[in-house]
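First the structure, in the form of C-alpha cells, and then the observations on it.
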Amino acid sequence: MSTAPATASSASSAAALPEIRVYNTLSKSKEPFAPLRPPHVGMYLCGPTVYKESHIGHMVGPVIFDTIKRYLSYCGYQVTWVVNITDVDDKLIAQSRERGIPMSQIAVEMTADYLANLRELGVNQIDQLPRATDHIEGIVHFIETLVEKGYAYASSGDVFFDVARDPNYGQLSNRLTDQMLGDGGGAAAKKRSPGDFALWKSAKPDEPSWPSPWGNGRPGWHIECSAMSHAYLGETFDIHGGGLDLVFPHHENERAQSSCCHGAPMAKYWMHNGLMRAGAAGKVGGRSDRAAESGAAESGAAEGGATTEGLDAVAIEEQSAGKISRSKGAGGLSELIQRHTGERLRFFLLRTHYRSTIVFNDEGLEEAATALDAFYRFFDRFEQITARSFYSLPAARWRRASALAEGEGADADATLAALAAQRAKYLDAMDDDFNTGAAISVLFDMLRTLNRHIDQQQLAAGAQSSDAGFETLLTGAEVLRELTAVLGLFAKPQAAAGGGGQDGAEFAAQLMEILIELRKQARTSKNFAMADAIRDSLTACGVSLLDSKDGTSWERQRS
RNA sequence: GGCGACGUGGCCAAGCGGCUAAGGCAUCGGAUUGCAAAUCCGACAUCCCGGGUUCGAAUCCCGGCGUCGCCUCCA
C-alpha cells in the first residue's frame, strides 16, 4: 500500500542527471526542462517600450532571466538570450509630440537609460537587443504571410489578426474566445470582431511611418516580438518570458500570430515573473474598482489621500508628491541605484521567488543591506587571512567543475562536508524552478559554516597556507564564489560595503577629520608617540598632514 | 461581472502530502571582547477561520473571511 516504488526507484540514477523543473504558464504546472535542441536554449524576454525612463519594476524580469541564463549555462546549456526594444508605438508618438522631438531620439535616449540600469544591476547576459524599427521588413513580411494564409485581413489601411481563425486563441491566458468575441458587434468599425487586434496601423498625417502593401503605416504592438523572436530564435524556441501583466493580451497575441504563421508552437515554456508593488505605509494603489465603493464610507481612516495612486504604484518617478514618494524618497531608478547600489537591488529582487509579488519599499531594501553586509564582512575577513581577494577567486563556471562537485574530497573535513551538503541543497533549490530565495538562504548557511571554521581553526590575519584549515577555507570560499556568481552577485568589490551611496571623497574627509582630531588630542596631552604614529600611518598610505597655527589640513600625495 | 494569485513567528520570506516548518531582519540569553562592533552558540511559529479527504496536511478538496493582480497601456 505504500507508494514506495515511486520514490525509491529514482534514487540511484537520478543523482547523475539532475532535472531542472520549470513552471509553464501554458500548462499551469512545473514541467521537466527539456530544450528542443540541447544543449542549445533559445530564450526571449519581452523588453520595454522605450518611451520613458525605466523604473525598478522593469528590472525584475531582466534580473530573473539573467539569473536563469547564468544558471542554465552553469548547468552546461548554451543559451541565446534575446530581449527586444520596442521603439515604435503610440506612446512613443505621444511623447514625441509632447516633447517636440523626434520619436527616434526619444527611443535612443530611453534605450540608453534602460541599458545603463541593466548594467548597474549586473544584467550582462543578453545576446541580442533587436529594435523593432530595424525589423520593419521582417514584420511586413510576417503580416503578409498571415494575410496569405487567411489569418489576417486588411481593412482600409490597417491589418487585423482574425482571432476567430485561431482555435487555440485564449489558451495561454485562459480566456474564452466567444467571451471576447461576444455580442459587442461593431466595436471598431474596421474589425470583423472586437477581439481582433492590429498587426499594422495606417499612418496619420504626421506620424512616423514605413511603406507597406497596405500603404504607409507602422506595426501594431505584439507583432514586433513575433517577427524578431522568429528572426533570432526560429519558429519554435524554448523559453518565452515576461511580466505576468503581459500574459494577456501581449503574449496571447504573439502566440496566435506566430503559431498561425508558422504552423508550429511559438515557445515551449512560457515563464512569467510576478509584478512589483509599492509597499507604502498604508495601502497602495489599485484603482478604485467598480464594486469597491460600498464600504468606503465607514473607514474614515483611509481618507487622507489614499486615492488613485495610478496603476503602477511603483512608478515612483512620476509620483511627484504623493505619499508613496515621500515614504521612499522620490526619484527614478538611477537615483535608487545611487542610493542603494545595483547589487543591493539585485539581491533584494532575488530573495523572493520570481513568480510572487514583490513588495517594494525602503524597509525591505534596508534589510537587504544589513543582510548583505554579512557577506561583505566575510570577504574582508577572508582577505585578511589569506591575502587573497574573494573577488578574484577562480570560480568554477560549470556545475561539474566545482571544487566540491558531487561531494568529492569532503569526507575527512567536517567543514567541507557541510559545504558540500549545502551546495547540494542550493542546487536542488535552483533546479526547482529557479528558487533563488531558497538558494540564497543556503548561502547564509555557508557563510556561517565558513565563519565557524575560521573561529574554530583560529585563523587570523596573515595566516600561512600550511596552517590547519587554511586550504579548507580557500576551497570553501571558492565554492561560495561559484554559487554567488551564478546569481550574478559579488562580481566586483563594492565602493563602500554597505555604505549605501556614500560619496567617497566626502567619506574620506569625514574620516580624516576624526583622525586629525585624535592626533590633536594626543598632542595636547603630550602623547607624542601616539600623535606620530597617526601621522606616520597616514604617510604610509599616501596622506600628508600639514600643521599650521590655524589647525591641521591634509592632502594626498601625487603618485 | 469574468479569470487568477496570495494569507507561514514582531516584520520579510522558503516550503507544493511524511525528516527537529529553511533563511534574513528585529529581540532575548551565552561564549568571545579593555569597551564596543564583528563572529560563534542558543531561544523565539503547528502555518487566516471552519469543515472534509488521508495512517499522515502548512501542503489536497469544499465553504468563509481578508489582501492583491489581470480583464485597457504596462516588465
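Numbers restart at 1 for each chain; the letters A, B, ... are given by sequence-line order, proteins then strands.
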What is the distance, to the nearest angstrom, from the [atom1] atom on [X] to the [atom2] atom on [N]?
{"X": "F348(A)", "N": "rG24(B)", "atom1": "CZ", "atom2": "C1'", "result": "12 Å"}
{"X": "M276(A)", "N": "rC12(B)", "atom1": "CE", "atom2": "C1'", "result": "14 Å"}
{"X": "H353(A)", "N": "rC6(B)", "atom1": "NE2", "atom2": "P", "result": "11 Å"}
{"X": "E363(A)", "N": "rC12(B)", "atom1": "CD", "atom2": "P", "result": "11 Å"}
{"X": "H55(A)", "N": "rA75(B)", "atom1": "NE2", "atom2": "P", "result": "7 Å"}
{"X": "N174(A)", "N": "rG4(B)", "atom1": "CG", "atom2": "C1'", "result": "8 Å"}
{"X": "M446(A)", "N": "rG23(B)", "atom1": "CE", "atom2": "C1'", "result": "14 Å"}
{"X": "D245(A)", "N": "rG4(B)", "atom1": "CG", "atom2": "C1'", "result": "14 Å"}

With distance as the sole criterion, is a donor-acceptor pair present between the side chains of [X] and [Y] under 3.5 Å?
{"X": "D433(A)", "Y": "Y354(A)", "value": "yes"}
{"X": "Q171(A)", "Y": "N168(A)", "value": "yes"}
{"X": "H251(A)", "Y": "R255(A)", "value": "no"}

Nearest of [options] to any side-chain atom of [X]?
{"X": "K91(A)", "options": "rC73(B), rA22(B), rG69(B)", "result": "rC73(B)"}
{"X": "T352(A)", "options": "rA75(B), rC16(B), rA13(B)", "result": "rA13(B)"}
{"X": "R175(A)", "options": "rA14(B), rC16(B), rG2(B)", "result": "rG2(B)"}
{"X": "K30(A)", "options": "rA75(B), rC25(B), rC16(B)", "result": "rC16(B)"}

Looking at every strand, decide which applies to [X] at a 4.0 Å heavy-atom threshold: base, sugar-phosphate, or nothing.
{"X": "L246(A)", "value": "sugar-phosphate"}
{"X": "N435(A)", "value": "sugar-phosphate"}
{"X": "G61(A)", "value": "nothing"}
{"X": "D445(A)", "value": "sugar-phosphate"}
{"X": "G241(A)", "value": "nothing"}
{"X": "G242(A)", "value": "sugar-phosphate"}

Minimum heavy-atom distance between G476(A) and L419(A), given as atom pair plus value: CA-CD1, 3.5 Å
Nearest heavy-atom neighbours spanning F347(A) and A371(A): CE2-CB, 4.1 Å
With [X], which residues qualify under side chain to side chain donor-acceptor pair (under 3.5 Å), at least two apart?
{"X": "D245(A)", "value": "none"}
{"X": "T357(A)", "value": "none"}
{"X": "N273(A)", "value": "none"}

Sequence-distant partners of P249(A), side chain to side chain contact (heavy atoms under 4.5 Å, CB included), two or more places apart: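 Result, side chain to side chain contact (heavy atoms under 4.5 Å, CB included) vs P249(A): W221(A), H222(A), N253(A).
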S356(A) side chain near rA14(B) phosphate (N/O to OP1/OP2, under 4.0 Å):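 Yes, S356(A) has a side-chain N/O under 4.0 Å of OP1/OP2 on rA14(B).
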Please give the distance between the [atom1] atoms of [N] and [M] as a whole number of Å.
{"N": "rG24(B)", "M": "rA13(B)", "atom1": "P", "result": "16 Å"}
{"N": "rG17(B)", "M": "rA45(B)", "atom1": "P", "result": "25 Å"}
{"N": "rG7(B)", "M": "rC60(B)", "atom1": "P", "result": "10 Å"}
{"N": "rC25(B)", "M": "rC62(B)", "atom1": "C1'", "result": "38 Å"}
{"N": "rA37(B)", "M": "rC70(B)", "atom1": "P", "result": "46 Å"}
{"N": "rG51(B)", "M": "rG69(B)", "atom1": "C1'", "result": "29 Å"}

Derivation of the side chain to side chain contact (heavy atoms under 4.5 Å, CB included) call for F348(A) and F360(A): CA-CA 9 Å; F348(A) 174 77; F360(A) 182 83; 3.7 Å; yes
Contact state string [nucleotides 37-47 of chain B, B base, S sugar-phosphate only, - no protein heavy atom under 4.0 Å]: -SSSS------
Need the pair for [N]. Rule: Watson-Crick or G-U wobble, both distances under 3.5 Å, any strand; none if unpaired.
{"N": "rG18(B)", "answer": "rC55(B)"}
{"N": "rC3(B)", "answer": "rG69(B)"}
{"N": "rG50(B)", "answer": "rC62(B)"}

F444(A)-F375(A) aromatic ring centre distance below 6.0 Å: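 Here the rings of F375(A) and F444(A) have centres that are less than 6.0 Å from each other.
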Along RNA chain B (nearest heavy atom to each residue), the more 5'-positioned of R355(A) and G274(A):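 It is R355(A) whose nearest nucleotide is closer to the 5' end.
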Below 3.5 Å is the cut-off: list the nitrogen or oxygen pairs between protein and nucleotides 26-34 of chain B, distance only.
none

